[in-house]
Engineer: 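The following block contains the structure, expressed as structure tokens.
Numbered from 1 within each chain, the chains take letters A, B, ... in sequence-line order. Just so it is clear, the values below take in all heavy atoms, side chains as well, and ignore hydrogens, waters and symmetry mates. Bear in mind the structure is a predicted one, so any value in this text is a computation, not a measurement.
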Amino acid sequence: MSDTAASSPARSDFIRDMIAADLADGRNDGWVITRFPPEPNGYLHIGHAKSICLNFGLAQEHAPRSRCHLRFDDTNPAKEDTEYVDSIMEDVRWLGFDWGEHLFYASDYFDKLYEFAEQLIQKGLAYVDDLTAEQLREYRGTLTEPGKNSPHRDRGIEENLDLFRRMKTGEFADGAKILRAKIDMAHPNMNMRDPALYRILRAHHHRTGDKWCIYPMYDYAHPLSDALESITHSLCTLEFEDHRPLYEWLINNVDGLPGRPYQREFARLNLTYTVMSKRKLLRLVKEGHVAGWDDPRMSTISGFRRRGYTPAAIRDFCKTIGLTKFKSTTDVALLEHAIREDLNKNALRAYAVLRPIKVVIENYPEGRVEHVEAPNNPEDESAGKRQVPLCRELHIEQDDFMENPVAGFHRLVPGGEVRLKFAFCIICKEVVKDAAGNITELRCTYDDATRHGKKPEGRPKPKGIIHWVSAQHAFEAEVRLYDRLFVNEDPEAGDADFISNLNPHSLEVLTNAKLEPSLKDAKPGAHYQFERVGYFFTDPKDSQPGTPVFNRTVGLKDSWAKEVAKTK
RNA sequence: UACCUCGUGGUGUAACGGUAACACAGGAGAUUCUGGAUCUCUUAUUCAAGGUUCGAAUCCUUGCGAGGUAGCCA
């Protein structure tokens with residue numbers, strides 16, 4: 001559960017191979033400079049973690065002649081907000097990465113970007129167009145037909161310059177004119193059909209305020225920002241593949257750039273039972289299907305954090321999934337495996353009975369209290385041991401008792417015996433029910449000779465070992481059982497709205513779980529394994545001193561549940 | 001029927017002209033004071049057809065399939 005990303009050996013992939021080849025060719029003076037360029041218009045999700053681990057990971061692998069910049073791609077003030085800037089920085093740091101001094105904003109370059117635009121105009125490579133958005137669409141042509149030139153395409157340089165300056169000074173209405181690159185309206189790649197470079201947009205920018213009323217487009221700002229920061233490898237997702245010729249065009253046609261970046265694309269992460277687009281995540285939040293961006297069911301980094309995932313597990317997962325150009329969907333089981341691996345080694349163990357049944361041990365003296373010793377983590381002796389109180393009345397899990405047991409059930413049954421973990425064995429003598437026939441209590445007896453794992457000669461060793469809490473000492477706490485947010489592997493498949501695939505049981509709140517007393521002091525943000533149940537995280541927002549709230553991170557692997565499911 | 005990209009077990013990846021492998025998931029067993037963990041074993045793979053080659057997942061050709069692209073979003 002280390003909080004920093006150690007530079008552990010990364011698997012080779014086509015990006016790393018390419019960088020190795022560049023280095024071997026003596027490119028960039030042996031430097032590797034990458035960037036993570038989020039737009040501050042939403043919270044980061046697990047797919048971004050893949051990109052973060054890649055870009056920052058590459059910098060770590062190539063130290064000391066390397067670095068990774070955090071650059072906010074804030075060229076569309078209409079959608080962006082400082083709330084998102086803050087959350088993004090928090091998430092990147094939490095994942096264990098550090099951009100050091102290299103925090104940038106595309107808006108830092110607005111002045112330079114503007115000068116470059118004038119330069120392109122001077123070279124006859126850009127022009128101001130008066131076409132409306134609708135006309136522009138008509139002139140662009142279609143995927144199979146070429147576009148046609150705008151009537152304004154051949155304006156003189158001086159006229160273009162004058163118009164562009166007047167766009168900047170606010171002389172024209174929003175949308176009245178745009179600056180376009182002059183490339184080729186018949187180009188088979190739509191991105192090369194005189195793409196827009198600048199639009200007029202009167203919106204308050206989170207950093208530049210009202211200084212500008214024209215804003216550069218992503219396609220224009222991104223390559224030039226990369227070049228201005230001397231980025232060597234600009235890594236993005238597959239949907240930008242078709243933009244690469246434009247990226248190259250700009251890098252090749254703008255003079256005075258300090259760097260020569262290359263763009264390369266990789267496949268974005270898809271996860272089963274998950275949606276990953278910011279737009280859809282925003283909708284889940286806005287429509288109240290979840291409690292917020294950091295709802296533990298969300299695929300956001302803040303959601304996973306609040307669920308109890310660790311940075312190490314997410315980094316590990318990112319390493320496992322690799323990097324290719326093939327569009328794939330990763331089984332969420334891989335992610336769950338990563339968090340179980342981490343938490344198994346590092347989470348403290350505790351006893352919690354989620355759905356209690358009362359057990360009375362008839363031959364245990366009333367009023368007597370003893371303490372049994374339990375290791376805090378059997379995987380890590382240095383975690384120490386604790387004393388767990390025990391008395392005549394206990395709670396055990398409803399699932400650990402069956403009045404009419406099915407074949408293969410190893411736990412408590414009428415007349416049968418189980419071991420109370422770290423204590424002794426009990427035999428169920430009587431099942432007490434209320435008028436409605438609900439079980440209210442189990443009357444049992446214990447055998448003192450079975451303490452400390454011992455079994456008396458000639459008696460079969462009980463196969464079942466169950467957890468328990470002392471009724472007198474336990475306290476009640478809220479426990480939130482989170483499950484997958486969607487019922488389908490691919491919530492976006494088919495014609496139906498993805499909202500219709502929401503899992504109605506993705507959250508179950510338990511209010512009378514009985515927890516062992518040591519949990520009363522659980523610190524917000526602490527990880528536990530509730531033995532035989534799952535991994536739980538003390539909710540950092542809703543826990544109060546003395547009244548912790550627990551979120552289920554992930555259940556334990558449960559081969560008995562699998563067995564039961566098979567027979568159904 | 002434009003352009004670009006991609007096709008390896010159920011899933012994610014590796015193999016860089018030389019025995020198709022790893023992890024997860026699935027199955028069987030051992031072990032265990034967590035039906036957890038651990039350990040062993042196991043099921044299952046190169047889109048297709050041609051070609052080059054002593055030898056092809058890899059190179060070539062053709063076909064098939066999947067995805068992306070027509071914002072003044074990123």
Engineer: Counting the atoms with a prime plus P, OP1 and OP2 as sugar-phosphate, which does A:Tyr535 contact under 4.0 Å by heavy atoms, base, sugar-phosphate, or nothing?
Structural biologist: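 Contact class for A:Tyr535: none.
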
Engineer: Any idea which of B:rC33, B:rC72, B:rA74 is nearest the A:Asn76 side chain?
Structural biologist: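 The answer is B:rA74.
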
Engineer: On the ring face of A:Tyr43, is A:Lys278 found with NZ or CZ under 6.0 Å from the centre and within 45° of the axis?
Structural biologist: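 Relative to the ring axis of A:Tyr43, which defines the angle, A:Lys278 lies outside at least one limit.
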
Engineer: Taking the ring centre of each residue, are A:Phe240 and A:His222 less than 6.0 Å apart?
Structural biologist: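 No.
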
Engineer: Measure the distance between the ring centre of A:Tyr218 and the centre of the six-membered base ring of B:rA74, then answer whether it is under 5.5 Å with planes under 30°.
Structural biologist: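 Stacking between A:Tyr218 and B:rA74: absent.
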
Engineer: Distances under 3.5 Å between protein N/O atoms and the N/O atoms of nucleotides 14-25 of chain B, please, pair by pair.
Structural biologist:
{"from": "B:rC16", "atom 1": "N4", "to": "A:Asp17", "atom 2": "OD2", "distance (Å)": "3.1"}

Engineer: Which is true for A:Leu197 with a 4.0 Å heavy-atom rule: it touches a base, it touches only sugar-phosphate, or it touches nothing?
Structural biologist: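 No contact at all - A:Leu197 keeps every heavy atom at 4.0 Å or more from the nucleic acid.
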
Engineer: Please report the distance separating the C1' of B:rG17 from the corresponding atom of B:rC24, rounded so that it comes out in whole Å.
Structural biologist: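 Per the computed distance, 31 Å lies between those C1' atoms.
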
Engineer: Could you give the side-chain donor-acceptor pairs of residues 163-178 of chain A under 3.5 Å, partners two or more places apart or in another chain?
Structural biologist:
{"from": "A:Arg165", "atom 1": "NE", "to": "A:Glu118", "atom 2": "OE2", "distance (Å)": "2.9"}
{"from": "A:Arg165", "atom 1": "NH2", "to": "A:Glu118", "atom 2": "OE1", "distance (Å)": "3.0"}
{"from": "A:Arg166", "atom 1": "NE", "to": "A:Glu171", "atom 2": "OE1", "distance (Å)": "3.2"}
{"from": "A:Arg166", "atom 1": "NE", "to": "A:Glu171", "atom 2": "OE2", "distance (Å)": "2.7"}
{"from": "A:Arg166", "atom 1": "NH1", "to": "A:Asp162", "atom 2": "OD2", "distance (Å)": "2.8"}
{"from": "A:Arg166", "atom 1": "NH2", "to": "A:Glu171", "atom 2": "OE2", "distance (Å)": "2.8"}
{"from": "A:Thr169", "atom 1": "OG1", "to": "A:Arg165", "atom 2": "O", "distance (Å)": "3.2"}
{"from": "A:Thr169", "atom 1": "OG1", "to": "A:Arg166", "atom 2": "O", "distance (Å)": "3.2"}
{"from": "A:Asp174", "atom 1": "OD1", "to": "A:Arg202", "atom 2": "N", "distance (Å)": "3.2"}
{"from": "A:Asp174", "atom 1": "OD1", "to": "A:Arg202", "atom 2": "NH1", "distance (Å)": "2.7"}
{"from": "A:Asp174", "atom 1": "OD2", "to": "A:Arg202", "atom 2": "N", "distance (Å)": "3.0"}
{"from": "A:Lys177", "atom 1": "NZ", "to": "A:Asp130", "atom 2": "OD1", "distance (Å)": "3.0"}

Engineer: Does the side chain to side chain contact (heavy atoms under 4.5 Å, CB included) test come out yes or no for A:Leu23 and A:Ile19, once each step is laid out?
Structural biologist: CA-CA 6 Å; A:Leu23 257 19; A:Ile19 291 175; 4.0 Å; yes

Engineer: Just compare B:rU34, B:rU69, B:rC73 and give me whichever is closest to any side-chain atom of A:Arg199.
Structural biologist: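 Among B:rU34, B:rU69, B:rC73, the one nearest the side chain of A:Arg199 is B:rC73.
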
Engineer: Looking at every strand, decide which applies to A:Thr75 at a 4.0 Å heavy-atom threshold: base, sugar-phosphate, or nothing.
Structural biologist: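 If one applies the 4.0 Å heavy-atom cut-off, A:Thr75 turns out to touch the sugar-phosphate alone, with no base involved.
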
Engineer: So if I take residues 375-390 of chain A and measure heavy-atom distances to RNA chain B, which residues fall below 4.0 Å?
Structural biologist: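 Going residue by residue through residues 375-390 of chain A, the ones with a heavy atom under 4.0 Å of RNA chain B turn out to be A:Pro378, A:Glu379.
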
Engineer: Does any nucleotide pair with B:rG29 by Watson-Crick or G-U wobble geometry, both distances under 3.5 Å, and what is it?
Structural biologist: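 Looking at the geometry, B:rG29 pairs with B:rC39.
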
Engineer: Does A:Asp81 use its side chain to pair, donor to acceptor, with the backbone of A:His206 at less than 3.5 Å?
Structural biologist: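 Not confirmed, A:Asp81 side chain does not pair with A:His206 backbone.
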
Engineer: Taking atom types as they are modelled, is there a donor-acceptor pair under 3.5 Å from the base of B:rU34 to the side chain of A:Gln529?
Structural biologist: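 Result: at least one qualifying N/O pair found.
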
Engineer: Can you pull every protein N or O that's under 3.5 Å from an N or O on nucleotides 63-68 of chain B?
Structural biologist:
{"from": "B:rG68", "atom 1": "N2", "to": "A:Asp242", "atom 2": "OD2", "distance (Å)": "3.1"}

Engineer: Distance-only criterion, 3.5 Å: show the donor-acceptor pairs between side-chain atoms of residues 321-336 of chain A and protein atoms not counting sequence neighbours.
Structural biologist:
{"from": "A:Thr324", "atom 1": "OG1", "to": "A:Phe326", "atom 2": "N", "distance (Å)": "3.2"}
{"from": "A:Lys325", "atom 1": "NZ", "to": "A:Glu241", "atom 2": "OE2", "distance (Å)": "2.5"}
{"from": "A:Asp331", "atom 1": "OD1", "to": "A:Ala333", "atom 2": "N", "distance (Å)": "3.0"}

Engineer: If you take atom types as modelled and just measure distance, does the side chain of A:Arg532 reach the base of B:rG35 with a donor-acceptor pair under 3.5 Å?
Structural biologist: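 A donor-acceptor contact between them is absent.
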
Engineer: Give me the residues of residues 172-189 of chain A where at least one heavy atom lies under 4.0 Å from an atom of RNA chain B, by number, or none.
Structural biologist: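 A:Gly175, A:Ile178, A:Pro188, in order of number.
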
